[in-house]
Amino acid sequence: MRLADFYTFVEHEFGREQGPWLLHSHVLMDYGRTPAQLIADGVEPRDIWWALCKEHDVPEERWYGPDE
């Protein structure tokens with residue numbers, strides 16, 4: 001997953017206000033770090049996205065991004 005797609009998916013699923021907040025404030029249980037920290041560490045954005053989806057009970061049919 002490209003990083004640009006990751007940000008698009010986050011904004012689409014969580015909104016313009018909450019999406020960025022989650023990236024910088026929410027600590028993912030599987031990693032013990034925020035998504036922003038994981039991105040800086042070089043973790044694959046797809047893995048971060050799926051972890052966010054799992055923790056926030058996003059239905060699996062939306063894990064692959066918005067239908068456009």
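Starting from 1, each residue takes its place in the sequence as its number.
Cluster membership for Val10 and Met29, using ILVMFWY side-chain heavy atoms within less than 4.5 angstrom, is not shared.
When the salt bridge (charged side-chain N to carboxylate O under 4.0 Å, His left out) test is applied to Arg33, the partners found at least two apart in sequence or on another chain are Asp41.
The CD atom of Glu44 sits 10.0 Å away from atom CZ of Phe6, with the distance rounded to the nearest 0.5 Å. Here Ile39 contributes atom CD1 and Ile48 contributes atom CD1; the two are 4.5 Å apart, rounded to the nearest 0.5 Å. Atom CD of Gln18 sits about 10.0 Å away from atom NE2 of His26, to the nearest 0.5 Å. Here Lys54 contributes atom NZ and Asp30 contributes atom CG; the two are 6.0 Å apart, rounded to the nearest 0.5 Å. With rounding to the nearest 0.5 angstrom, the CD atom of Glu11 is 10.0 Å from the CD atom of Glu17. Taken to the nearest 0.5 Å, the CG atom of Leu3 stands 9.5 Å off from the OG1 atom of Thr8.
Counting heavy atoms from C-beta outward, Leu52 and Glu13 have side chains that stay 4.5 Å or more apart.
Val27 and Glu55 make their closest contact through O-OE1, 4.0 Å (heavy atoms, listed as atom of the first residue, atom of the second, distance). Taking all atoms of both residues into account, the shortest heavy-atom contact from Leu28 to Pro35 is CD1-CG, 3.9 Å. What you find for Gly15 and Pro20 is that their closest heavy atoms are O-CD, 3.8 Å. Of all non-hydrogen atoms in Val58 and Arg62, the two that sit nearest each other are CG1-CB, 3.8 Å.
Trp63 contributes no side-chain N or O that, together with a main-chain N or O of Trp50, makes up a donor-acceptor pair within less than 3.5 Å.
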